[in-house]
Each structure stands twice: as structure tokens, then as C-alpha cells.
Trainee: 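Mind having a look at this structure? Questions to follow.
Everything numeric here is computed off the predicted structure, so don't read it as measured data. Note that the numbering runs from 1 along the sequence shown for the chain.
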Amino acid sequence: VPTDKARATNPRLRNRNRHSVARRVASRRARARPRVATTRARKSMSTFRATSAERGTTLTGDAKLEFVSQLFDVVAHRYDAVNAVLALGFVDRWRRKALSAGLVATFAPAFARGRRVFRRGDSVLDVGCGTGNVTRFLEYEAMNYLALDVVGVDCSKNMIEEARRLTPGEAKYEVGNAGKLRFADASFDCVTTCYTLRNFSDVPETLREMFRVCKPNGTLLILDAFPPTGIFGAVLRLWLRFVLPLVGALMTGEKKAYAYLGTSIERARTPREVADELEALGAEAVEISALFPFGAASAIIARKPFDGSSK
């Protein structure tokens, strides 16, 4: 065994000792990093972890924004897969039907008047864009012939990262608050939001912001799940309360997130209430189209007047 004197006089032994110490320090640091990261992750999820699913549906303002942002950060990586199983493909089908209204012959018109949601070359803002399904459908899939320019905004950083991962090309996504959009007045020809209303921290303020950034004679499209009614509604409520949280927990390990999503649908505004709020803002030609029996899913389309007036 080399003595201390030998280490001091032999450069090779001295360097070996120095490298050994460096490796031990690096090893301790590497072991410490996961604990620090885990602690930070726990702190960053504090609102979501500390709030029950039912309580989450009653939050407003910054508390609701923080809760929803953290919730979707948790489920982002499996969100589309769980949706496909839980909704049996209907969520994607309804989205395509609403977005392609009046344009794609293979779909029946989503609206009674056969109105078009988009015109060629339109600029589009998708509020609460999630994993980017609207952008991909409009810019890269069935609607790409319209040469639409789409911007997606979402409060969840992880959902935006997932959208960028799933979308080809240079798609435009950004993290933002739907109630405080950064865009100037009259910036977009069309403003959409799909399956998001119940998650907004302030629904009236978000609708006002969507109306503000929409151009005069532009279109607002809202597609969402709404509180079910009637006999079938009772069956769907059982699905929302028991099946949705169970499947969500099995696929993601996050029962609370899906218990919240089910409860939020039951407590959401009705399509008529949303339409009334749009009309109060000054929207014209507001039309509701039921996409599923007993009002479980509906699309709402409205036009901003030429003079751009709002109330």
C-alpha cells in the first residue's frame, strides 16, 4: 500500500488520488440531484396535491389556474391515450366534425346553416390547445389545403412540450393564461377552444379575451362536453363518476386528475348559458349544434360583428 510520503513524491500516485476524490464527489452530487429534483417537483405540484378533485372544480382565479396547470402537467404524457380509451374515439370525431363544418364532404355539417368555420388563409388562435390536436388537424392533416396559420396557447408547460413533440414542422405553441391573452385586439380570423371551458380560471374573462382578439366578421368556435341530461345522461354520469377515474388511475396512476375532469363536466355551464354570454359580449349569429344525444357534447359557433363592438 503506498505511503503518504510515496503519494506526495510520485506524480502518478498523486494524480490517481486526486481522480479518486473527484469521482467520490461527483458520485455524491449525482445521488443528491434526484432528491433535489423530487423536492422541487413536489413543491411545484403543491396546489394540485393539496386540493381534492371536488374542491378543484370550485376554485377560481390564480388558484384555479395553478391547480389546472399542475394537473395537466401530471397527465400530459398519457392524456391523448387515456382520452381515446375513455371516449371510445368520440372526442376526436367530434373535434374533426366541428372544425371541418361546411368544408369536408365526408362529414355531415355540424351546424344547421351549413356555415363554414374557416376560410382559406385564415389566422387561427386555439385557446387551451393541449397536445396540439387542433393545430395538427388544421395545418398538417385533413384541413391543410386551407393554408391556415395556427397559434396554440395552453397554461400547462408539459402539454405544450408534448404538442411540440407530436407536431411536425415549426408549429406555433406557447404557454399562456387564457384569461390574459398577450395578443393585440383583432389579431385572428378565428378563435377556437375545444374541451376546455370548465378548466379556465375565469370563464367570462376568457370568453371576453377570445372575443377581443377575434377580428371583426371573424368566427368563434367552442366545442366542449356539457352536463348530460335525460335517461342517457344518468348512465353517462355513472361513467364520469366511477369509470373515468378508475381507467385514468390504471393508465396514469392519477385518479384525482380524472375524478376532477369527470366532476367538472357535471358542473359545467350549459351550451345555452355559454351562448348567452357570447351574445352579451356582442357576438352575432350564435348557433348551438348538439354532437351527441342529451347534450353531452355540443359545438357553439358565433360571429364578431363588422364594427367589432363588444359589451
Trainee: For Val175 and Cys155, work out which heavy atoms get closest and say how close.
Mentor: CG1-O, 3.9 Å
Trainee: Is it true that a side-chain atom of Ser298 and a backbone atom of Pro271 form a donor plus acceptor pair closer than 3.5 Å?
Mentor: no
Trainee: Return the CD to CZ distance between Glu54 and Arg267, rounded to the nearest 0.5 Å.
Mentor: 4.5 Å
Trainee: For Ser123, does its backbone N or O pair with a side-chain atom of Asp189 as donor and acceptor, under 3.5 Å?
Mentor: yes
Trainee: CG/Leu71 to CG/Leu261 distance, rounded to the nearest 0.5 angstrom?
Mentor: 5.5 Å
Trainee: Checking Lys304 side chain against Phe211 main chain: does a donor-acceptor pair fall under 3.5 Å?
Mentor: yes
Trainee: Of all residues at least two apart in sequence or in a different chain, which pass the salt bridge (Lys or Arg N to Asp or Glu O under 4.0 Å) check with Arg182?
Mentor: Glu174
Trainee: Run the numbers on Glu254 and Arg49 for salt bridge (charged side-chain N to carboxylate O under 4.0 Å, His left out), then give the verdict.
Mentor: CA-CA 10 Å; Glu254 294 292 341; Arg49 297 301 182 197; 3.0 Å; yes
Trainee: Tell me, do Leu278 and Leu207 make a side-chain contact under 4.5 Å, heavy atoms counted?
Mentor: yes
Trainee: Can you tell me how far apart CE (Met251) and CZ (Arg78) are? Round to the nearest 0.5 Å.
Mentor: 4.5 Å
Trainee: Just do the side-chain contact (heavy atoms from CB on, under 4.5 Å) check on Phe226 and Ile288 with the steps written out, would you?
Mentor: CA-CA 12 Å; Phe226 292 98; Ile288 301 171; over 6 Å; no
Trainee: Which heavy atom of Val85 sits nearest a heavy atom of Val247, and at what distance?
Mentor: CG1-CG1, 4.1 Å
Trainee: With side chains defined as the heavy atoms from C-beta onward, is the minimum distance between Leu238 and Val243 less than 4.5 Å?
Mentor: no
Trainee: Which pair of heavy atoms, one from Leu223 and one from Arg95, lies closest together, and at what distance?
Mentor: CD2-CA, 3.3 Å
Trainee: Taking Phe183's backbone N and O only, do any of them form a donor-acceptor pair with Ser187's side chain (distance below 3.5 Å, no angle check)?
Mentor: no
Trainee: How about Val74 and Thr252: do any of their side-chain heavy atoms sit closer than 4.5 Å?
Mentor: no
Trainee: Given Tyr258 and Val75, is the side-chain contact (heavy atoms from CB on, under 4.5 Å) satisfied, shown in steps?
Mentor: CA-CA 9 Å; Tyr258 288 91; Val75 302; 3.9 Å; yes
Trainee: Any chance you could lay out the side-chain contact (heavy atoms from CB on, under 4.5 Å) test for Arg96 and Asp92, step after step, and finish with the verdict?
Mentor: CA-CA 6 Å; Arg96 289 170 176 267; Asp92 190 54; 3.0 Å; yes
Trainee: Can you tell if the side chain of Ile222 reaches within under 4.5 Å of the side chain of Leu197, non-hydrogen atoms only?
Mentor: yes
Trainee: How far apart are the C-alpha atoms of Glu162 and Thr131, what are their side-chain angles, what is the distance that settles it, and do they pass the side chain to side chain donor-acceptor pair (under 3.5 Å) test?
Mentor: CA-CA 6 Å; Glu162 189 71 4; Thr131 59; over 6 Å; no
Trainee: Using side-chain hydrogen bond (donor to acceptor under 3.5 Å, both in side chains) as the criterion, point out the one residue from Asp154, Thr167, Asp126 that pairs with Tyr173.
Mentor: Thr167
Trainee: Please report the shortest heavy-atom distance between Ala299 and Leu221, naming the atom on each side.
Mentor: CB-CD1, 4.4 Å
Trainee: Does Gln70 reach the main-chain N or O of Phe67 with its side chain, forming a donor-acceptor pair under 3.5 Å?
Mentor: no
Trainee: Can you check whether Leu220 reaches Val286 side chain to side chain, under 4.5 Å on heavy atoms?
Mentor: no
Trainee: Would you name the heavy atoms of Asp149 and Glu139 that are closest together and state the gap between them?
Mentor: CA-OE2, 4.1 Å
Trainee: Group every Ile, Leu, Val, Met, Phe, Trp and Tyr by side-chain heavy-atom contacts under 4.5 Å, then state whether Leu281 and Phe200 land in the same group.
Mentor: yes
Trainee: Given salt bridge (charged side-chain N to carboxylate O under 4.0 Å, His left out), test Glu209 with Arg212 step by step and report yes or no.
Mentor: CA-CA 5 Å; Glu209 280 290 273; Arg212 177 184 67 79; 2.8 Å; yes
Trainee: Kindly indicate, with the supporting measurements, whether the criterion side-chain contact (heavy atoms from CB on, under 4.5 Å) is fulfilled by Met210 and Val127.
Mentor: CA-CA 8 Å; Met210 291 173 62; Val127 181; 4.1 Å; yes
Trainee: Look at the side-chain heavy atoms of Ile, Leu, Val, Met, Phe, Trp and Tyr, link any pair under 4.5 Å apart, and say whether Leu65 and Met159 land in one connected group.
Mentor: no
Trainee: Say whether, by atom type as modelled, one donor and one acceptor occur between the side chain of Arg198 and the main chain of Thr57 under 3.5 angstrom.
Mentor: no
Trainee: What's the separation between atom OG1 in Thr206 and atom CD in Glu277, rounded to the nearest 0.5 Å?
Mentor: 10.5 Å
Trainee: First locate atom CG of Leu244, then atom CG of Leu246, and finally report the distance between them rounded to the nearest 0.5 Å.
Mentor: 9.5 Å
Trainee: Quick check with a 6.0 Å cut-off and a 45 degree axis cone: is Lys215 positioned over the face of Phe188's six-membered ring?
Mentor: no
Trainee: Indicate the ring-plane relationship of Tyr195 and Trp94, choosing parallel, tilted or perpendicular according to the 30° and 60° boundaries.
Mentor: tilted
Trainee: Is the backbone N or O of Gly179 less than 3.5 Å from a side-chain atom of Asn177, with the two atoms forming a donor-acceptor pair by type?
Mentor: yes
Trainee: Working to the nearest 0.5 Å, report the span between CZ of Arg237 and CZ of Phe242.
Mentor: 12.0 Å
Trainee: Within a radius of less than 6.0 Å around CG of Asn217, do more than 12 heavy atoms belonging to other residues, nucleotides or ligands occur?
Mentor: yes
Trainee: Just by distance, no angles: are the side chains of Asn133 and Thr135 close enough, under 3.5 Å, to form a donor-acceptor pair?
Mentor: no
Trainee: Using side-chain heavy atoms (C-beta onward) and a distance below 4.5 Å, is Lys157 in contact with Asp73?
Mentor: yes
Trainee: Of all the heavy-atom pairs spanning Ser156 and Phe72, show the shortest one and how long it is.
Mentor: OG-C, 3.6 Å
Trainee: Hey, are Glu205 and Lys180 close enough for a salt bridge, meaning a charged N less than 4.0 Å from a carboxylate O?
Mentor: no
Trainee: Under a single-linkage definition using a 4.5 Å side-chain heavy-atom cutoff for Ile, Leu, Val, Met, Phe, Trp and Tyr, are Tyr140 and Met143 assigned to the same hydrophobic cluster?
Mentor: no
Trainee: Any side-chain donor-acceptor pair under 3.5 Å between Tyr260 and Asn199?
Mentor: yes
Trainee: Heavy atoms, side chains only, cut-off 4.5 Å: are Val213 and Leu125 in contact?
Mentor: yes
Trainee: Does Phe48 have Lys256 sitting over its ring (NZ/CZ under 6.0 Å from centre, angle to axis within 45°)?
Mentor: yes
Trainee: Just so I know, are the side chains of Val134 and Cys194 near enough to count as touching, which here means a heavy-atom distance under 4.5 Å?
Mentor: yes
Trainee: Assigning hydrophobic clusters by single linkage (Ile, Leu, Val, Met, Phe, Trp, Tyr; side-chain heavy-atom cutoff under 4.5 Å), is Leu138 placed with Leu146?
Mentor: yes
